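Taking it in order: structure first as structure tokens, then the write-up.
Quick caveat: nothing in here was measured; it's all calculated off a predicted structure.
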Amino acid sequence: MDIRTGHMVRSSSPMESLEKQLSCPICLEMFTKPVVILPCQHNLCRSCASDLYDSRNPYHFSGGIFRCPTCRFEVVLDRHGVHGLQRNLLVENIIDIYKQQQEGGGGSTEAPLKAKDTKEAMCQEHEEERINIYCITCQVPTCSLCKIFGSHKDCEVQPLQNVYQNQKVELSNSIEMLMAGNSCLQVLLTQMEDSCKTVQENSQRQKQVLGEKFDLLYAILEERKGQLLEKISQEQDEKVRFLRSLVLQHTEQLQASTKLMDEAVQTMEKSGVAEFLLSAKQLISQTKEAAKNSLLQRPEPGFEKMDHFTVDTEDIEAILGKMDFGTDSDYEDADDEEEEEEE
């Protein structure tokens, strides 16, 4: 029975067949514990299954879909993801027995063929010996002869498979941590992009609000400007109208005086005494009356001035110059500072 596919297989070598049965369909290596079993009865290294799941579900925060790499059967995982799958303790026990047989020389009759078939690394100092132990002291893989007779005879060693499994598990855990970190970074990048959009939207909205407020200020200034200009125009019209009435009045008086003066001159030029005396008395009375009336109403000194319409804008200019983003209390504090400086 093929543990990976669930089909019956035949092999000429039982150990070779067993090793194939104990190979993960993802990494194509012998299963690394813990081994998980899918509902379709196919087995996977949990680290390999986790890597495959994370690569296809980078945002799995509440479970997701996992597809079996052997039969493509889809499994719905809960929030625990691959870690929520059941362990296959039977396969793990078979792996332990197989490794013990290999380390104990149970398959020694086929060891040379296996080394050649799988192209295992051979020791450079002892070309006929395959590398089967790991020097803990030097942190390098080596062979048994190097430990007994060679440069590693005083070093601490462990079985190569044990160190391999430990470092593979450690590397798998590091990959999981790295993938988790990458997922966090991806979420953070998404949040930063959203924050950029939000900043741009808020900035545009505040620009619009600020523009509307300044437009309102412009409208108020324009309205007030029109009112003040209207006041100046009204007084201008009144004064001009008054002056023109005086001009008309004085013009009429001037014309009457000129006519009376001409008449008086003509009377004086008459040769007859009696004729002169008949009109002289009336002319004298008229000329005196005209002389008195020549002192008519006239504008007061400074009547033509318009500087009383001057508007003091220094305080407003100071306030506008200090206008900034803040609350009303900021402007009150600024006014208090100005009053203290004046004192």
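In this structure a side-chain-to-backbone donor-acceptor pair under 3.5 Å is present from Q139 to I136. When atom types are taken as modelled, the side chain of T198 and the backbone of D194 share a donor-acceptor pair closer than 3.5 angstrom. Formation of a donor-acceptor pair under 3.5 Å by the S174 side chain with backbone atoms of E170 is found in this model. Here the side chain of T258 pairs a donor or acceptor atom with the backbone of L254 at under 3.5 angstrom.
By the rule that hydrophobic residues join a cluster once side-chain heavy atoms approach within less than 4.5 Å of another member, I94 and V35 end up as members of one cluster. Linking Ile, Leu, Val, Met, Phe, Trp and Tyr residues whenever their side-chain heavy atoms come within less than 4.5 Å places L217 and I316 in a single cluster. Two different hydrophobic clusters hold M122 and V140 under the rule that ILVMFWY side chains link at heavy-atom gaps under 4.5 Å. In the hydrophobic clustering of this structure, L52 groups with F73; members are Ile, Leu, Val, Met, Phe, Trp, Tyr whose side-chain heavy atoms approach within less than 4.5 Å, directly or through other members. Each of M323 and V209 belongs to its own hydrophobic cluster when Ile, Leu, Val, Met, Phe, Trp and Tyr are linked at side-chain heavy-atom distances under 4.5 angstrom.
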Considering only distance and modelled atom types, tabulate donor-acceptor pairs under 3.5 Å from the side chains of residues 301-313, sequence neighbours left out.
| unit_1 | atom_1 | unit_2 | atom_2 | d |
| --- | --- | --- | --- | --- |
| H308 | NE2 | E235 | OE1 | 3.2 |
| H308 | NE2 | E235 | OE2 | 2.8 |
| T310 | OG1 | D307 | O | 2.7 |
| D312 | OD1 | E314 | N | 3.3 |
| T313 | OG1 | E317 | OE2 | 2.8 |

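Checked against salt bridge (charged side-chain N to carboxylate O under 4.0 Å, His left out), E74 has the following partners two or more places apart in sequence or in another chain: R67.
The two residues T142 and I131 come nearest to each other via the heavy atoms O-CG2, 3.2 Å. Closest of all the heavy-atom pairs between I133 and C143 is CD1-O, 3.2 Å. Between C71 and C68, the closest heavy-atom pair is N-SG, 3.6 Å. Across all non-hydrogen atoms, the minimal contact from F66 to L77 is CB-CD1, 3.6 Å. M30 and C45 get closest at one heavy-atom pair: O-SG, 4.4 Å. Considering all non-hydrogen atoms of both residues, N43 and P25 come closest at O-CD, 3.6 Å.
V169 places a side-chain heavy atom less than 4.5 Å from the side chain of T32. No side-chain heavy atom of Q200 sits under 4.5 Å from any side-chain heavy atom of S195. Side chains of L216 and E212 form no contact here, defined as non-hydrogen atoms less than 4.5 Å apart. Looking at heavy atoms from C-beta onward, E263 lies in side-chain contact with L283 at the 4.5 angstrom threshold. Between R241 and E238, the closest side-chain pair of non-hydrogen atoms falls below 4.5 Å.
Considering CD of Q208 and CG of D215, their distance stands at 10.5 Å, rounded to 0.5 Å. Separating the CG atom in D51 from the CG atom in L44 is a distance of 11.5 Å, to the nearest 0.5 Å. The distance from atom CG of L248 to atom CG of L243, rounded to the nearest 0.5 Å, is 12.5 Å. The CG atom of L189 lies 11.0 Å from the SG atom of C184; values are rounded to the nearest 0.5 Å. Atoms CD and CG, on E29 and L22 in that order, are 12.5 Å from each other to the nearest 0.5 Å. To the nearest 0.5 Å, atom CD of residue E193 and atom NZ of residue K197 are 7.0 Å apart.
Within 6.0 Å of the CE atom in M192, the count of heavy atoms belonging to other residues, nucleotides or ligands exceeds 12. In the displayed structure, R244 atom CZ is contacted under 6.0 Å by at most 12 heavy atoms of other residues, nucleotides or ligands. Shown here is Q234, whose CD atom has more than 12 heavy atoms of other residues, nucleotides or ligands within 6.0 Å.
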Stepwise side-chain contact (heavy atoms from CB on, under 4.5 Å) check, E156 with Y134: CA-CA 9 Å; E156 180 184 357; Y134 188 85; over 6 Å; no
Full working for side-chain contact (heavy atoms from CB on, under 4.5 Å) between K33 and Q165: CA-CA 9 Å; K33 294 191 296 183; Q165 294 296 338; over 6 Å; no
side-chain contact (heavy atoms from CB on, under 4.5 Å) between L85 and L38, worked out: CA-CA 7 Å; L85 294 174; L38 300 175; 3.5 Å; yes
Test log, rule side-chain contact (heavy atoms from CB on, under 4.5 Å), inputs F31 and E92: CA-CA 8 Å; F31 287 118; E92 292 181 7; over 6 Å; no
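Between the side chains of R224 and Q227, a donor-acceptor pair is found at a separation under 3.5 Å.
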